[in-house]
Amino acid sequence: MPDPADLTGQFPIDVDAATIQRHIDELGAIGEHPEGGLYRALYTPSWETGMALVESWLAEIGLETRRDAVGNLFGRLAGTESDRVVLTGSHIDTVKQGGKYDGALGIHAAIAAVGALKTAFGHPRTTLEVYVICEEEGSRFHSDFWGSRALLGRIAPDEVESLTDADGVTIGQAMRERGFDPAGIPSAQRADVEAFVELHIEQGRILNDEGYDVGVVDTITGQRHYRVRVSGQQDHAGTTPMDLRRDAVAGAAEMIERITSAAAGIGRPAVATIGTLAVSPGAVNIVPGACTFSIDTRHSDVAGRRALLRTIESILREVADRRGLGLDLEQLTDHEPVPMTPAIRDLVEASARAEGLRYLVMPSGAGHDSQLMAQHLPTGMIFVPSRDGRSHTPAEHTEIERVVPGVRVLARTLHRLAY
Ligand code: HGY
Ligand code: MN
Ligand code: MN
């Protein structure tokens, strides 16, 4: 691994801010959600349009492009001495009513950095590839990290037919509709990747509020998603006395209030979010017999996360028992906190220092492909500030003059890894 100490002095590359901004705006216009913001979901027409647009940009800067069996896109700048590969990039999919920067900015930054390195230094010793990840969010199927799990050989065979979207379409059907063959998924696994560096917006407000130029990520938070089904007794809203009810919504409300208060009581970085809630049968004059809600809960410390999960599950059970309610607790996803690779983290930090930037070594409260990649190969992340800390909303924004320093740090880091 290169010595971070070599990262000194003026770094002779030009980052094309105008092209980055144009890319942000052009990709940011693809996949508009009817209620505002973006929704570029895996294997949808807008996802395909976005992929094709990015592929044209990769070709424009002279990279060889390739799609793998699940639709990941790669732009290759061949190495002169080695076929081992340094990857850089991020995900092209978005959440519902998402913004133009989550994931996408890591793609734009990778294109700008690799393009600038190619112009200034020509071909690297070790192959450099822009990695346009087909899906990270899990916003259509609960498939999260589908692209990187394919690259790492971590897709279970049964997922192709078990993962379905809200319309009951399986991920396998969706793949075939886009011209991808699920039987080819094992061929997407790669053993030639030497390192992965991902630039991403912070999606929080620390860099923005405390005036830092970039973040050097040291750990990515652990997260767990639950689906909670509470069942009570459907009754008449007028004739059923309060003391005789088994009201699923009243029970869910107490659970939700106590879970969010418990996370707040534990304090940062513990979080718990109820992002979806459905009531059945859902009529103004019926005591609800059923209520289903989701829990997204996160903590960046292993022991802290374990205690938070224990607290959440004990609240759910205590409320259900006392109120005579049924409780079905389904775990949808579960990821332990993951440290970034120290050697890559140090390289990112040295690049930020060499650029004369004000940087912060910090955890990520959001999940990223880097948390999977780091479990298999040297991986690091660079954050750029999010205006007002906003993300997963159309209000997501980062001024271009706050993007460029991050791209320069990315370019320096890639240069030390591949040239
Ligand atoms: O939820 C997350 O942290 C990521 O955006 N998937
Ligand atoms: Mn996201
Ligand atoms: Mn993201």
Side-chain angles (χ1 to χ4, degrees), residues 24 27-28 31 33 37-42 47 50 54 72 88-110 131-149 196-207 215 217 219-227 263 268-276 294-300 305 332-338 340 362-374 379-386 389-398 403 406 410:
I24 291 168
L27 185 59
H33 188 280
L38 291 177
Y39 185 41
R40 210 167 38 238
L42 181 62
W47 171 87
V54 173
N72 290 317
T88 180
S90 192
H91 59 95
I92 196 167
D93 67 313
T94 73
V95 292
K96 285 180 183 157
Q97 297 186 258
K100 298 179 182 177
Y101 293 80
D102 178 0
L105 191 66
I107 296 168
H108 305 320
Y131 172 29
V132 185
I133 307 169
C134 68
E135 189 266 5
E136 180 270 343
E137 298 284 5
S139 49
R140 178 181 177 187
F141 310 95
H142 267 290
S143 49
D144 50 343
F145 304 118
W146 187 249
S148 292
R149 288 198 295 120
F196 174 57
V197 187
E198 180 177 14
L199 181 142
H200 202 286
I201 51 173
E202 178 202 341
Q203 301 182 287
R205 53 182 322 135
I206 295 169
L207 298 178
V217 178
T219 304
I220 296 179
T221 190
Q223 58 176 289
R224 178 176 288 183
H225 290 173
Y226 291 105
R227 178 181 291 126
R268 297 177 183 178
V271 289
T273 308
I274 312 303
T276 65
S294 62
I295 303 174
D296 169 315
T297 184
R298 309 188 191 198
H299 201 303
S300 51
R305 184 174 105 101
L332 299 176
T333 61
D334 191 49
H335 300 282
E336 288 283 348
V338 177
M340 294 297 95
M362 62 188 289
S364 169
H368 301 285
D369 288 282
S370 291
Q371 72 192 77
L372 261 73
M373 300 290 270
T379 297
M381 282 197 84
I382 302 160
F383 275 169
V384 293
S386 293
R390 305 293 307 282
S391 181
H392 281 189
T393 157
E396 196 175 84
H397 184 78
T398 300
V403 169
L410 176 63

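We count ligands from 1, going down the list as the structure has it; atoms in each ligand are counted the same way. Because only heavy atoms are used, hydrogens play no part in the values below, and waters and symmetry mates are left out as well, while side chains stay in. This one's a predicted model, so the numbers in the text were calculated from it and none came from an experiment.
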Q.
For H225, run the side chain to side chain donor-acceptor pair (under 3.5 Å) check against D296, D144, T297 and tell me which one passes.
A.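 So the option named by the test is D296.
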
Q: Can you see which heavy atom on K100 is nearest to which on E396, and at what distance?
A: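 Closest approach of K100 to E396, heavy atoms only: N-OE1, 3.4 Å.
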
Q | Contact flag H200/the Mn ion (ligand 3), N/O/S atoms, threshold under 2.8 Å | A |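 An N, O or S atom of H200 is closer than 2.8 Å to the Mn ion (ligand 3), so yes.
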
Under 4.0 Å from a heavy atom of [X]: which atoms of ligand 1 are those, numbered in the order shown and with their elements?
{"X": "A366", "result": "3 (O)"}
{"X": "R298", "result": "1 (O), 2 (C), 3 (O)"}
{"X": "E137", "result": "4 (C), 5 (O), 6 (N)"}
{"X": "H392", "result": "1 (O), 5 (O)"}

Q) Is there any N or O on G367 that sits under 3.5 Å from an N or O of ligand 1? A)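 Yes - when backbone and side-chain N and O of G367 are compared with those of ligand 1, one distance drops under 3.5 Å.
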
Q. Are H91 and H200 an aromatic pair by the rule of ring centers under 6.0 Å?
A.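 Between H91 and H200, the centre distance is under 6.0 Å.
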
Q) Would a 4.5 Å heavy-atom cut-off, applied to side chains only, mark H392 and Q203 as touching? A)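 Side chain of H392 against side chain of Q203, heavy atoms only: contact under 4.5 Å found.
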
**Q.** Side-chain heavy atoms of L207 within contact of M362, under 4.5 Å
**A.**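 The answer is yes, as the side chains (C-beta and beyond) meet within the 4.5 Å cut-off.
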
Q. What's the spacing between M373 CE and M381 CE if we round to 0.5 Å?
A.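 It comes to 11.5 Å.
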
Q) About how many Å separate CG of D102 and CG of D93, when rounded to the nearest 0.5 Å? A)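 That separation rounds to 8.0 Å.
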
Q.
So, of the N/O/S atoms that E137 has, which is the nearest one to the Mn ion (ligand 2)?
A.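 Closest N, O or S atom of E137 to the Mn ion (ligand 2): OE2.
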
Q | Per atom 4 (C) of ligand 1, closest listed option by heavy atom (H368, H200, H91, E136) | A |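 Shortest heavy-atom distance from atom 4 (C) of ligand 1: E136.
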
(Q) Working to 10°, measure the angle at the Mn ion (ligand 2) formed by atom OD2 of D102 and atom NE2 of H392. (A)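 Between OD2 of D102 and NE2 of H392, the angle at the Mn ion (ligand 2) is about 90°.
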
